S.K.: 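This is the structure, below, for whatever I ask next.
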Amino acid sequence: MDGEPEVNGTGRKRRRRRTRQETEADLLDAARRLLQRDGVLAGVNLREIAAEAGVNHGQIYQYYGSRQALLRASVTDLVDRQVAGQEQGFWDLPFAERRAAMFRHRLAEPEVVRLEALLALDGDEGVEALPRFAQTRRSLDRDQRDGALPADADAVAAHVMAASALVGYVIFREAYARDTGIPLDALDDRAEAAYARMIAGLTGAGEAPETDDGGDLAPA
């Protein structure tokens, strides 16, 4: 499709054709903008995404093959952008500290979590609920060697349950705030403290680890 105008040999302006990489990036950006504007439950109109990106509707199917694949690619691209340059040191953190950092990271992008959940409920087998699991497994093995997790613990199950508790909270946090009458910011703070205690129980520690407001780190 057309891109930025450029001048040809006759002096007349013509449109520069975008590369496939540029077109894909425009489609992913357009999908994210519409999701942020309308919310994930409003549905995604592929013709509207194409118009927003300035590309032909047929190119979505040419490049991605399906609506699910486009949305999945948009989520993956967003996560990759967020964690670019931020992974250093994350995998070296002990289990409890990694999960504390993950709580803050996932809370910052609730729309991504909700879209992942909807894709999974829609039967999309390409959804990765545990991205970078090979690296996670290496960190879990180190946790058990170093004592950050009990040697006899089911480390993978601990990771899965910690991740599922966090995802559930992120999806329902606004409803939880309404039902409990607790302001959302206050509930987030209390949930983070409760989550830290839960993780401390998985690690066998008696006290929850201290947390701070930083640590916008990569997903485990």
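Index from 1, following the sequence. The structure displayed is predicted, hence computed values, not measured ones. Only heavy atoms go into these numbers, but all of them, side chains included; no hydrogens, no water, no symmetry mates.
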S.K.: For a 4.5 angstrom cut-off between non-hydrogen side-chain atoms, does Leu27 reach Val55?
M.R.: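 The answer is yes, as the side chains (C-beta and beyond) meet within the 4.5 Å cut-off.
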S.K.: To the closest 0.5 Å, what do you measure between CZ (Arg142) and CG (Leu149)?
M.R.: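 Reported value, rounded in 0.5 Å steps: 10.0 Å.
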S.K.: Under 3.5 Å, side chain of Ser139 to main-chain N/O of Trp91, donor-acceptor pair present?
M.R.: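 Flag set: sc Ser139 to bb Trp91 pair under 3.5 Å.
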S.K.: With heavy-atom distances below 4.5 Å as the criterion, would you say the side chains of Phe90 and Arg98 are in contact?
M.R.: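 A side-chain contact under 4.5 Å exists here.
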S.K.: Quick one: do Asp26 and Glu52 satisfy side chain to side chain contact (heavy atoms under 4.5 Å, CB included)? Show the steps, please.
M.R.: CA-CA 9 Å; Asp26 288 341; Glu52 178 78 9; over 6 Å; no
S.K.: Taking side chain to side chain donor-acceptor pair (under 3.5 Å) as the test, write out the residues that go with Asp188, two or more places apart.
M.R.: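 Checked Asp188 against side chain to side chain donor-acceptor pair (under 3.5 Å); matches are Tyr169, Arg173.
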S.K.: In the structure I gave you, are the side-chain heavy atoms of Glu24 and Arg20 within less than 4.5 Å of one another anywhere?
M.R.: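 Yes. Closest side-chain heavy atoms under 4.5 Å.
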S.K.: Indicate every side-chain donor-acceptor pair of residues 175-186 with a distance under 3.5 Å to a residue at least two apart or in another chain.
M.R.:
unit_1	atom_1	unit_2	atom_2	d
Thr180	OG1	Tyr176	O	2.8
Thr180	OG1	Ala177	O	3.4
Thr180	OG1	Ile182	N	3.3

S.K.: Please, which pairs that meet salt bridge (Lys or Arg N to Asp or Glu O under 4.0 Å) have at least one residue in residues 147-170, sequence neighbours excluded?
M.R.: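 Residue pairs with at least one partner in residues 147-170: there are none.
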S.K.: Is any side-chain heavy atom of Glu192 less than 4.5 Å from a side-chain heavy atom of Tyr195?
M.R.: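 Glu192 does not reach Tyr195 side chain to side chain.
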S.K.: Sequence neighbours left out, what passes side chain to side chain donor-acceptor pair (under 3.5 Å) with Arg145? Give chain and number order.
M.R.: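 Result, side chain to side chain donor-acceptor pair (under 3.5 Å) vs Arg145: none returned.
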S.K.: For the OG1 atom of Thr23 and the CD atom of Gln59, what is their distance to the nearest 0.5 Å?
M.R.: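 It comes to 5.5 Å.
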S.K.: Please identify each residue that fulfils side-chain contact (heavy atoms from CB on, under 4.5 Å) with Ala117, with sequence neighbours left out.
M.R.: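 Ile171.
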S.K.: Rounded to the nearest 0.5 Å, what separation is found between the CE atom of Met161 and the CE atom of Met198?
M.R.: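 Rounded to the nearest 0.5 Å, the CE-CE separation comes out at 8.0 Å.
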S.K.: Nearest 0.5 angstrom please: Thr203 OG1 to Arg99 CZ, how far?
M.R.: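 Reported value, rounded in 0.5 Å steps: 13.0 Å.
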S.K.: Please report the interatomic distance CD(Glu97) to CG(Asp143), rounded to the nearest 0.5 Å.
M.R.: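 The distance works out to 10.0 Å.
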S.K.: Of the non-hydrogen atoms in Ala96 and Ile199, which two are nearest, and what is the gap between them?
M.R.: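 Heavy atoms of Ala96 and Ile199 come nearest at CA-CG2, 3.6 Å.
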S.K.: Can you tell me if Arg138 and Gln135 form a side-chain donor-acceptor pair at under 3.5 Å?
M.R.: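 Present: a donor and an acceptor within the cut-off.
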S.K.: Residues in side chain to side chain donor-acceptor pair (under 3.5 Å) with Gln144, at least two apart?
M.R.: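 Counting only residues at least two positions away or on another chain, Gln144 forms no side chain to side chain donor-acceptor pair (under 3.5 Å).
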S.K.: At their closest point, which heavy atom of Ala155 faces which heavy atom of Leu140, and how far apart are they?
M.R.: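 The pair with the smallest heavy-atom distance is O-CD1, 3.9 Å.
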